Amino acid sequence: MKTTALIMAGGRGERFWPKSRQSLPKQFLSLTNDSRSMIQLTVDRIKPLVDIKDIYVATNKSYLPLVKEQLPGVPKENILWEPVARNTAPCIGLGAVHAAKKNKDAVMMVLASDSLIKDDALFVQTLKDAVSLAEKGNNVVTLGITPNYPETGYGYIKFDKSQKEGQAFKVERFVEKPDLETAKKYLSQGGYLWNSGMFIWKASTVLSNIKAFMPDLFSGLEKIQEAVGTADYERILESVFPTLPSESIDYGVMEKAKDIYTIPGNFGWDDVGSWLAVGRIKGSDESCSTIEGKVVTVNSSGNVILGGKKLIACVGLKDTVVVDADDALLICAKDACGDIKKVLAALREKGMEEFL
C-alpha cells in the first residue's frame with residue numbers, strides 16, 4: 001500500500017522572534033549544528049519510509065519560494081499553498097484530497113515541519129508500526145510522547161493499557177492542557193502521553209471522518225478535490241479555502257472518531273515551542289547556560305544567549321534569553337518566553353512592520 005506524508009509548514013514561528021520573521025519563519029531556520037533547516041531535517045528523517053515524490057508540503061502562499069528552495073526534490077504539484085490560515089483540520093483535509101486523488105487508500109502520515117527528533121531510527125520504526133496499523137480497516141493512529149516531567153503546555157492522550165494492538169494502545173480520550181497539579185497526577189498515574197500532533201491514517205479514513213464530523217469542511221474539500229489537476233484549481237482554491245471552518249483536527253475529528261490508537265514514542269521528540277528548547281537541543285555549560293557567538297559572561301547562570309556579529313557581555317544575568325538578530329535584540333526572562341508574541345503585537349501597533 002502506498003505511503004505518503006503531509007508536512008504542515010504554514011506557521012509563522014512568532015515565539016522565535018527576532019530570528020524567525022515573516023520572510024523566514026522558524027521551520028526554515030537551522031537550530032542544530034548541521035546547518036540543515038528544521039523542515040529539511042523533517043524530510044530527511046522520513047526518507048526511509050516515503051519516496052520524496054510522495055511527500056506533500058502544506059504551507060502559506062508567501063512561503064512557496066522557501067519550500068522550493070529548501071526542498072528541491074518535492075514535486076511542484078505537491079507543494080500545497082493555503083490562501084489563508086485555517087487551522088489544522090482544513091490543512092490536513094487539503095493534503096488528504098490531493099493524496100486521495102492519486103490513491104484513495106494511500107496511508108498518509110501527518111507531521112509538523114518544526115519538530116526535532118533525537119533518535120531517527122527509532123522514530124522511523126515507530127512510524128512503520130503506525131503505518132501497519134493504519135493499513136488495517138479505518139484505524140486512526142497518533143504518536144504519543146512518553147512524558148518525563150509534568151508539562152502544562154501540551155494536551156495529553158489517555159490510553160487503555162488493557163487494549164493493545166501490536167505496539168499501539170486504544171485511546172480512551174484526549175485531554176486538554178492541564179494545570180501543574182493535574183500534570184503531576186498524570187505522570188504519577190501513568191497511562192497518559194503527550195499529544196504530539198502526529199497522525200497516521202489512510203487518506204480515505206481521514207476524509208470519511210471529516211465527512212461524518214465536519215460536513216461543512218468536507219463539502220468545501222470536495223469542490224477543491226474535483227478541481228485538482230485542472231486549469232481551474234487555483235481559482236477554486238482561492239475561492240473555497242477561505243470559506244472553510246477554522247478548526248483544529250483534534251477538536252473537529254480526534255475527540256469524536258472511533259478506532260483511535262496511540263503508540264508511545266520514546267525517540268526524543270521536541271516540539272521546539274520557544275527559545276527554551278535551544279537549551280534542550282544544544283545542551284548547556286557548567287553554569288547551566290547555552291551560549292553561542294561572541295559572548296562574555298560574569299557571575300551569570302541559567303541563560304540562553306545567542307550572539308550575532310556584535311559582542312554580548314552579561315554581568316549578573318540569570319535565567320534570561322538573549323538573542324541578537326543584527327537589526328533587533330531580544331532580552332526576555334525565561335519564564336516570560338510565552339509573551340514574545342505580545343512584542344510582535346506591539347510592533348504592529350507602533351507601525352514598525354519592518355521588524356516583523
Side-chain angles (χ1 to χ4, degrees), residues 1-11 27-28 38-61 63-64 66-68 70-71 73-83 85-115 117 123-124 126-128 130-131 134-135 139-143 195-210 214 217-218 220-221 224-225 228-229 233 237 241 244 247-250 252-254 257 269 271:
M1 188 174 288
K2 175 72 74 175
T3 300
T4 66
L6 173 69
I7 297 173
M8 297 184 290
Q27 59 269 30
F28 301 105
M38 299 180 76
I39 193 170
Q40 288 173 326
L41 291 174
T42 300
V43 170
D44 290 347
R45 71 174 61 99
I46 62 172
K47 281 182 178 178
L49 275 178
V50 187
D51 190 291
I52 197 163
K53 293 182 175 58
D54 295 313
I55 293 176
Y56 296 85
V57 179
T59 192
N60 185 294
K61 188 175 183 179
Y63 302 157
L64 282 175
L66 286 169
V67 175
K68 292 176 181 177
Q70 294 200 3
L71 303 176
V74 174
K76 180 181 177 182
E77 64 271 18
N78 287 14
I79 303 174
L80 315 178
W81 54 271
E82 301 171 310
R86 273 292 178 269
N87 217 315
T88 54
C91 175
I92 291 170
L94 181 64
V97 299
H98 277 266
K101 191 82 171 185
K102 293 182 179 179
N103 186 329
K104 68 182 180 69
D105 283 328
V107 173
M108 185 175 79
M109 304 184 298
V110 178
L111 307 170
S113 60
D114 55 0
S115 298
I117 305 293
F123 179 65
V124 168
T126 305
L127 283 175
K128 285 181 179 178
V131 168
E135 289 175 340
N139 292 327
V140 173
V141 188
T142 180
L143 302 190
N195 184 359
S196 72
M198 291 184 278
F199 308 104
I200 302 90
W201 42 34
K202 294 176 187 172
S204 57
T205 297
V206 65
L207 289 174
S208 66
N209 276 292
I210 288 174
M214 304 183 72
L217 173 57
F218 183 78
L221 291 173
I224 294 172
Q225 187 176 39
V228 172
Y233 174 72
L237 182 68
F241 198 86
L244 301 180
E247 186 70 272
S248 75
I249 198 72
D250 292 305
V253 171
M254 300 303 289
W269 170 85
D271 76 332

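What you see is a predicted model; the values in this text were computed from it and never measured. As a basis for the values below, the full set of heavy atoms in this structure was taken, side chains included, without hydrogen atoms, waters or symmetry mates.
With a 4.5 Å cut-off on side-chain heavy atoms, Lys102 and Lys2 do not count as touching. A 4.5 Å side-chain heavy-atom check between Trp81 and Ile79 finds every atom pair outside the cut-off. Contact of the Leu237 side chain with the Pro83 side chain is registered, since non-hydrogen atoms from C-beta on lie closer than 4.5 Å. Side-chain atoms of Ile39 and Leu71, non-hydrogen and from C-beta on, do get closer than 4.5 Å to each other. Taking 4.5 Å as the limit, every side-chain heavy atom of Leu6 sits out of range of all side-chain heavy atoms of Met109. In this structure, Ile200 and Leu127 have side chains that are in contact, with non-hydrogen atoms separated by less than 4.5 Å. Between Met198 and Phe123, the closest side-chain pair of non-hydrogen atoms falls below 4.5 Å.
With Thr142 contributing its side chain and Phe199 its backbone, the two residues share no donor-acceptor pair below 3.5 Å. No donor-acceptor distance shorter than 3.5 angstrom exists from the side chain of Asn60 to the backbone of Gly11, with no hydrogens or angles considered. Judged purely by atom type and a 3.5 angstrom limit, Asn209 uses its side chain to pair as donor or acceptor with the backbone of Thr205. Distance alone, capped at 3.5 Å, is enough to place a donor-acceptor pair between the Thr88 side chain and the Ile249 backbone.
Considering CD of Gln27 and CD of Gln70, their distance stands at 9.0 Å, rounded to 0.5 Å. The CG atom of Asp114 sits 7.5 Å away from atom OG1 of Thr42, with the distance rounded to the nearest 0.5 Å. Atom CG of Asp51 is separated from atom OG1 of Thr3 by 11.0 Å, given to the nearest 0.5 angstrom. Summarising the geometry, atom CD belonging to Gln40 is positioned 11.5 Å from atom OG belonging to Ser113; distances are rounded to the nearest 0.5 Å. Taken to the nearest 0.5 Å, the OG1 atom of Thr59 stands 4.5 Å off from the CZ atom of Phe28. The CD atom of Glu82 sits 9.5 Å away from the CE atom of Met8 when rounded to the nearest 0.5 Å.
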Next item on the list: Begin from the C-alpha positions of Val43 and Ile7 and carry the test side chain to side chain contact (heavy atoms under 4.5 Å, CB included) through to its verdict.
Entry: CA-CA 8 Å; Val43 170; Ile7 297 173; 3.6 Å; yes

Checklist line | CA sep, side-chain torsions, deciding dist, call: Leu244, Leu94, side chain to side chain contact (heavy atoms under 4.5 Å, CB included) | finding: CA-CA 11 Å; Leu244 301 180; Leu94 181 64; over 6 Å; no

Notebook entry, point to check: Hey, mind stepping through Val57 and Asn78 against side chain to side chain contact (heavy atoms under 4.5 Å, CB included) and telling me if it holds?
Noted result: CA-CA 6 Å; Val57 179; Asn78 287 14; over 6 Å; no

Notebook entry, point to check: Can you check side chain to side chain contact (heavy atoms under 4.5 Å, CB included) on Lys47 and Asp44, steps first, answer last?
Noted result: CA-CA 6 Å; Lys47 281 182 178 178; Asp44 290 347; 3.8 Å; yes

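The shortest heavy-atom contact between Leu80 and Gly95 is CD1-CA, 3.7 Å. The two atoms that bring Ile210 and Gly93 nearest to each other are CD1-CA, 4.0 Å, heavy atoms only. In terms of heavy atoms, Ala96 sits closest to Val206 at CB-CG1, 3.6 Å. Closest approach of Thr4 to Ala106, counting heavy atoms only: CG2-CB, 4.1 Å. Shown here for Ala5 and Ile46, the closest heavy-atom pair between the two residues is CB-CD1, 3.7 Å.
Tested against Lys128, the residues Val131, Thr126, Val124 include a single side chain to side chain contact (heavy atoms under 4.5 Å, CB included) partner, Val124. Applying side chain to side chain contact (heavy atoms under 4.5 Å, CB included) to Trp201 and the options Val141, Val107, Val110, Leu207 leaves one that passes, Val110.
Atom NZ of Lys101 has more than 12 heavy atoms from other residues, nucleotides or ligands within 6.0 Å.
For the 3.5 Å distance criterion, the side chains of Ser204 and Asp105 qualify, holding a donor opposite an acceptor.
Ring pair Tyr56/His98 is tilted by interplanar angle, where 30° to 60° counts as tilted.
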